[in-house]
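Data first, discussion second: the structure below is written as structure tokens.
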Amino acid sequence: MNDYRKMWADLGMDLDRHDQLLAAIPVLYGDTYLSQRNRPSGMQYFDFVMSEIHGLRIQELVEHRKRGGIVIGTYCVFVPEDLIIAANGVCVGLCAGAQFSVPDGEAILPRNTCPLIKSSLGFAVNGTCPYLKASNFVVGETTCDGKKEMFEIFGDVHPIYVMEVPQKKTAAGRALFLDELYGLKKRLEQESGVEIAADRLAEATAVVEGKYRAMQRLHAARAANPAPVSGLDALLVNQIAFFDDPRRFTEKTEDLAAELEQRTAANEGVASADAPRLLMSGSPMALPNWKVHALVERSGAVVVGEESCVGSRYYGSLSQGRGKSLEEQMSAIADRHLNVHCACFTPNNERLDDIVALARATNAQGVIHYNLQFCQTYANEAVKVERHLAKHGLPLLRLETDYGEEDTGQLQTRIEAFLETLRV
Ligand code: BJ8
């Protein structure tokens with residue numbers, strides 16, 4: 001790796017704490033990723049991205065800002081990337097999946113808060129997230145109560161703009177969301193000095209949806225048996241999608257998907273054809289949260305899909321019938337995002353159908369409902385998920401965990417017991 005210390009210092013980072021973080025990542029990555037066998041060669045690019053996660057990509061962001069562009073941080077798939085790109089912006093999903101920053105979050109927030117929220121705030125205050133430091137401002141959202149309250153505290157540390165996301169999929173909810181998108185558009189135009197005109201937005205949407213299409217192709221390739229790629233590797237691609245250059249990411253993901261299709265044609269896979277196949281569903285797994293995928297795959301099963309915002313909820317929906325005018329495009333973007341079936345909505349029965357459809361399409365034999373500890377929205381919705389999957393004859397294992405390692409033995413035991421029931 002090049003020496004980026006001057007860049008990090010110029011960004012105002014805490015270099016000593018950051019050294020601790022950087023020392024931990026390669027060990028975790030090596031143990032989790034590089035120990036896997038028979039990985040597709042297309043994963044080399046994503047390994048490279050990880051090796052430069054706080055280096056080369058941050059340098060690109062810094063240079064983009066020097067050229068007059070803006071960098072916007074986000075925590076939720078309800079923030080449309082194409083609006084940001086159309087304002088000469090780069091959209092980066094921010095660090096929120098590491099135990100490293102949880103104690104910093106817990107120094108401020110109650111401990112019985114979702115780890116994603118504690119990790120986000122922890123990174124904001126501990127000076128170790130260069131993506132946040134490189135950003136002009138962050139766009140937060142009113143999806144869940146814990147997040148929206150945290151964003152008020154976050155605003156003391158870094159500029160933040162909070163957009164409202166409705167809780168019901170009604171005409172009034174849609175009108176509110178569309179109005180919020182116009183508010184965000186105006187804020188982005190103020191920051192960048194760039195007018196988001198119809199032609200700029202159309203081009204940006206083509207870039208973003210090109211990325212979603214590539215991810216859909218990768219997703220489709222995972223339906224093959226034997227699985228041509230591990231769930232861990234596919235999860236990593238889904239995580240990197242949030243901060244990599246979208247055009248480069250699309251090209252590399254298409255290459256990877258093509259390689260997986262060739263593997264399938266040659267009947268080649270990373271697991272045996274009789275390995276249990278599982279769909280993961282529930283709270284998002286932000287980088288570097290690989291915990292449950294790793295436990296599942298070390299137990300001899302393979303994860304074949306993620307019904308998650310770091311998964312199908314992110315790339316599953318494309319804008320439909322997009323017209324040329326700005327108004328038509330904004331409307332189509334609103335509809336694309338309201339098609340994300342997050343548990344913050346009530347009712348949210350579409351998600352129940354999505355899980356069954358995804359399990360069928362990926363040839364999964366069972367579903368793991370993954371819940372971040374203290375994430376009430378997904379925990380309570382899991383009751384309906386359980387009833388719905390039972391009606392469809394799909395076995396379900398509900399897990400609740402945080403980013404720590406204390407419960408891995410217990411989780412492993414429960415996962416292995418679940419896999420036994422699938423094998424008989
Ligand atoms: S669209 S899932 S990314 S809000 S922060 S709800 S884990 S308690 S992240 Fe999300 Fe947008 Fe919905 Fe997706 Fe639970 Fe934690 Fe809240 Fe969370």
Side-chain angles (χ1 to χ4, degrees), residues 73-81 91-99 101-102 105-106 109-124 138-154 160 162-169 173 177 180-181 184 212 235 238-239 241-243 280-287 289 291-292 306-317 333-348 350-351 354-355 369-382 385 398-403:
T74 64
Y75 290 108
C76 177
V77 301
F78 273 107
V79 183
E81 297 165 80
C91 177
V92 286
L94 293 171
C95 307
Q99 177 61 23
S101 60
V102 166
E106 285 179 344
L109 299 171
R111 291 192 73 185
N112 57 351
T113 299
C114 153
L116 191 146
I117 296 174
K118 291 186 289 195
S119 179
S120 307
L121 186 63
F123 274 120
V138 169
V139 182
E141 19 49 58
T142 60
T143 44
C144 80
D145 290 349
K147 248 184 176 179
K148 71 187 180 214
E149 293 301 324
M150 180 272 282
F151 287 140
E152 290 189 30
I153 302 162
F154 191 102
I160 187 158
V162 177
M163 59 182 277
E164 186 157 358
V165 173
Q167 310 245 307
K168 292 182 84 173
K169 299 167 193 171
F177 187 57
E180 288 292 307
L181 292 188
L184 176 62
Y212 296 167
L235 175 63
N238 291 345
Q239 292 169 330
F242 285 88
F243 62 88
M280 202 68 73
S281 169
S283 311
M285 295 171 173
L287 197 85
N289 179 5
K291 183 173 167 179
V292 174
E306 293 81 22
E307 187 280 319
S308 161
C309 287
V310 185
S312 64
R313 290 201 294 270
Y314 176 60
Y315 54 72
S317 176
I333 290 172
D335 288 335
R336 181 184 72 200
H337 287 264
L338 290 171
N339 216 10
V340 172
H341 302 137
C342 173
C344 65
F345 283 110
T346 181
N348 190 35
E350 295 89 341
R351 178 167 167 245
D354 285 351
I355 298 170
H369 193 277
Y370 173 80
N371 221 104
L372 281 173
Q373 201 178 27
F374 308 119
C375 171
Q376 312 283 1
T377 44
Y378 281 90
N380 290 345
E381 195 159 278
V385 171
R398 283 171 64 177
L399 297 179
E400 182 163 312
T401 185
D402 57 12
Y403 295 163

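Keep in mind it's a predicted model, so treat the numbers as computed, not measured. Order of appearance sets the numbers: ligands from 1, and atoms from 1 within every ligand.
Within ligand 1, the atoms closer than 4.0 Å to a non-hydrogen atom of Cys342 are 1 (S), 2 (S), 4 (S), 12 (Fe), numbered from 1 in the order shown. With ligand atoms numbered from 1 in the order given, ligand 1 contributes 4 (S) to contacts under 4.0 Å with heavy atoms of Thr143. Interface of Leu372 with ligand 1, defined as ligand atoms under 4.0 Å from a residue heavy atom, comprises 7 (S). Below 4.0 Å from some heavy atom of Cys144 lie the following atoms of ligand 1, by number and element: 5 (S), 6 (S), 8 (S), 16 (Fe). For ligand 1, the atoms closer than 4.0 angstrom to any heavy atom of Phe78 are 1 (S). For ligand 1, the atoms closer than 4.0 angstrom to any heavy atom of Ile117 are 5 (S). Residue-ligand proximity, Tyr378 to ligand 1, at heavy-atom distances under 4.0 Å covers atoms 2 (S). The Cys309 neighbourhood of ligand 1 comprises atoms 1 (S), 2 (S), 3 (S), 13 (Fe), with distances under 4.0 Å to a heavy atom of that residue.
When the options Leu181, Val139, Val165, Val138 are evaluated for a side chain to side chain contact (heavy atoms under 4.5 Å, CB included) with Val79, the one that passes is Val139.
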* To do: Could you walk me through whether Glu306 and Tyr314 pass side-chain hydrogen bond (donor to acceptor under 3.5 Å, both in side chains), step by step?
  => CA-CA 10 Å; Glu306 293 81 22; Tyr314 176 60; over 6 Å; no
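With Lys291 contributing its side chain and Asp402 its backbone, the two residues share a donor-acceptor pair below 3.5 Å. At least one donor-acceptor pair closer than 3.5 Å links the side chain of Gln239 to the backbone N or O of Met285. In this structure, the side chain of Lys147 engages the main chain of Tyr75 through a donor-acceptor pair within 3.5 Å.
At a heavy-atom distance under 4.0 Å, atoms from both the backbone and the side chain of Cys76 approach ligand 1. Under 4.0 angstrom from ligand 1, the non-hydrogen atoms of Cys375 come from both its backbone and its side chain.
The shortest heavy-atom distance from Gly146 to ligand 1 is not under 4.0 Å.
What sits closest to atom 6 (S) of ligand 1 on the protein, heavy atoms only, is Thr377 OG1, 3.6 Å. For atom 15 (Fe) of ligand 1, the nearest protein heavy atom (residue, atom name, distance) is Cys114 SG, 2.4 Å.
Nearest to atom 17 (Fe) of ligand 1 by heavy-atom distance, out of Ser283, Pro284, Gly311, is Pro284.
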